Amino acid sequence: MDALTTIVQRAELLKKTRQFFDERGVLEVETPLLYPSFSTDPYLTPFVSDYCEFGEKRQMLYLQSSPENCMKRLISLTEQSIFQICKAFRNGEQGRLHNPEFSLLEWYRLGYSYKQLSDEVATLLNQFLVFKKKIKINYCELFEQYFNLDPLTSSRQKIYQVFSQHALSEPPDNANKQQCLDLLLDEIIRKNYSETETLLFIFDYPAWQPQMAMLHPENPKLVQRFECYIGGIELANGYQELTDAIEQKKRFEQDSLQRQSLGFEPIPVDEAYLKSLEKSFPMCAGVALGLDRLLMLIERKKTIQEIMLFSHERL
Amino acid sequence: MGSYSTNEFKGGLKFLMNGDPCSIIENEFVKPGKGQAFNRVKYRNLKTGRVIEKTFKSGEKVEAADISEAEMQYLYSDGDVWHFMDPKSFEQYQADSAAMDEAVQWVKGQEMCTVTIWNGMPILVSPPHFVDLEVTDTDPGLRGDTSSGGNKPATLETGAVVQVPLFINIGEILRVNTESGEYVSRAKS
């Protein structure tokens, strides 16, 4: 790998990204990497650290998995559209598309619907890549089209059988319905949408893992969420931000219970974030985009290690 | 014998699946839908030879297999069984036709082969990448016919049949690529 080329390409990517938001009046912000709370997602593992004074541990702090909470606190305070380019950390995640420390571009647009925001994601990506096909499709439509399956109402057994019916990689026999659907979606994308010239947006995910997204007012079984895929790579995840503090608190509690049942360490609830939702929170949509993966696509590389000079296994 | 966790998975790792010895070909860390992470693994069942794709939950464990590979010298065959000797220990091993598989057509004697051993039994034999074998039967080559194009079948001393250029004659020693089964060149005698 030519180190200088990679550095130059990344610098160019950052420069063009800042220019893009500057032209649109979106403010750049910086929020803490160390924070006393962490995502409640049961499947994320944090890097944990301690704030010490004179050798004594005073406070447990987590390296952020995403700047979401702090950025939304800023929105509650300032009511401005903002963006950030920062590092995010996910312990234990390493692979062709994963490095435990990675770069995120995250931004929030006041007054935008999540669909409008997805259009802006496409506009940004057009600065860097050329697309021959642009596809927008709903999550449920994908399953209908490729497996003749309704992911919301089909039984776990029916979903499990799809793997053998279509000669797909055999799933773990204790995979639950959600996990089977996650694997099937991965198969749909890697088998049918793997060209780098294809820009794919999937909308309206099932509400089982709502994260911090708003439910669909017409159909609460779905969330107002989208994901963006290019070349079979998941590049961005965005949604209509949940503004209901009570609903958010309920979700935090459900996640905590799930973490406990899976045997993971409990995470202190982000009370400061809940307070900011209680005060007031404007209607907005937000999205997180993997900058390293975008660089992979720009440089036509197949692994994240090829565009990271200090990837984890090289440290 | 112990176990491996998915984070130890890599190409060539030998493990047991339903009692059969298997070897990992490819391993991909996959984290779809922001939920449970998985390892999608392509592996070869060394007993049946079949290649299988299976997805494991990240963190799952598999049983390690008591499998090792050794360079052994091929001695001879008595039709049912092929005899090998480990040059370090002078121990002899017998491989059956399932373990020999394609290797039967490339070995004539004395070659060093890579033998995969499971529980003390050879289950897979890989011949050397290139072997030099004599042509025992082929249509006569026209003298001077070194022009491009045109191949003909030639039978080698082991019984293997390969496509060779038209100028090759009976009695010539050829170098063959055992992985592709293709003629490479005349061997330097």
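In what follows, every chain begins at residue 1, and chains take the letters A, B, ... in the order their sequences are listed. These numbers were taken from a predicted model, which means no experiment stands behind them.
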Asks: Counting neighbours of CZ on Arg50(B) that are heavy atoms of other residues, nucleotides or ligands and sit closer than 6.0 Å, is the number greater than 12?
Replies: no

Asks: Would you mind checking which part of Glu187(A) comes under 4.5 Å of any heavy atom in chain B, side chain (CB onward), backbone (N, CA, C, O), both or neither?
Replies: side chain

Asks: Rounded at 0.5 Å granularity, tell me how far CG in Asp173(A) sits from NZ in Lys54(B).
Replies: 5.5 Å

Asks: Other residues, nucleotides and ligands only: do more than 12 of their heavy atoms fall within 6.0 Å of NZ on Lys191(A)?
Replies: yes

Asks: Are more than 12 heavy atoms from other residues, nucleotides or ligands located less than 6.0 Å from atom CD of Gln260(A)?
Replies: no

Asks: Look only at the side chain of Lys31(B) and the backbone of Leu97(A), and say whether a donor-acceptor pair between them is shorter than 3.5 Å.
Replies: no

Asks: Please look at Glu28(B) and chain A and tell me whether the side chain, the backbone, both or neither of the residue comes under 4.5 angstrom of a heavy atom of that chain.
Replies: side chain

Asks: Using non-hydrogen atoms and a 4.5 Å limit, figure out which bit of Gln94(A) sits close to chain B: side chain, backbone, both or neither.
Replies: backbone

Asks: Using a cut-off of under 4.5 Å for heavy-atom pairs, which of Pro171(A), Ala167(A), Pro172(A) has the most such pairs with chain B?
Replies: Pro172(A)

Asks: Could you go step by step and tell me if Phe29(B) and Arg96(A) meet the side-chain contact (heavy atoms from CB on, under 4.5 Å) rule?
Replies: CA-CA 7 Å; Phe29(B) 175 77; Arg96(A) 185 177 76 91; over 6 Å; no

Asks: Please say whether more than 12 non-hydrogen atoms of neighbouring residues, nucleotides or ligands are located less than 6.0 Å from CD in Glu265(A).
Replies: no

Asks: Counting only heavy atoms not in Arg44(B), do more than 12 fall under 6.0 Å of its CZ?
Replies: no

Asks: At a 4.5 Å cut-off on heavy atoms, which part of Phe38(B) comes close to chain A: side chain, backbone, both, or neither?
Replies: side chain

Asks: Provide the closest heavy-atom pair for Asp186(A) versus Pro32(B) in the form atom of the first, atom of the second, distance.
Replies: CB-CB, 4.2 Å

Asks: Is there a donor-acceptor contact under 3.5 Å from the side chain of Ser169(A) to the main chain of Arg40(B)?
Replies: no

Asks: Between Asn174(A) and chain B, with a heavy-atom cut-off of 4.5 Å, which part of the residue counts as in contact: side chain, backbone, both or neither?
Replies: both

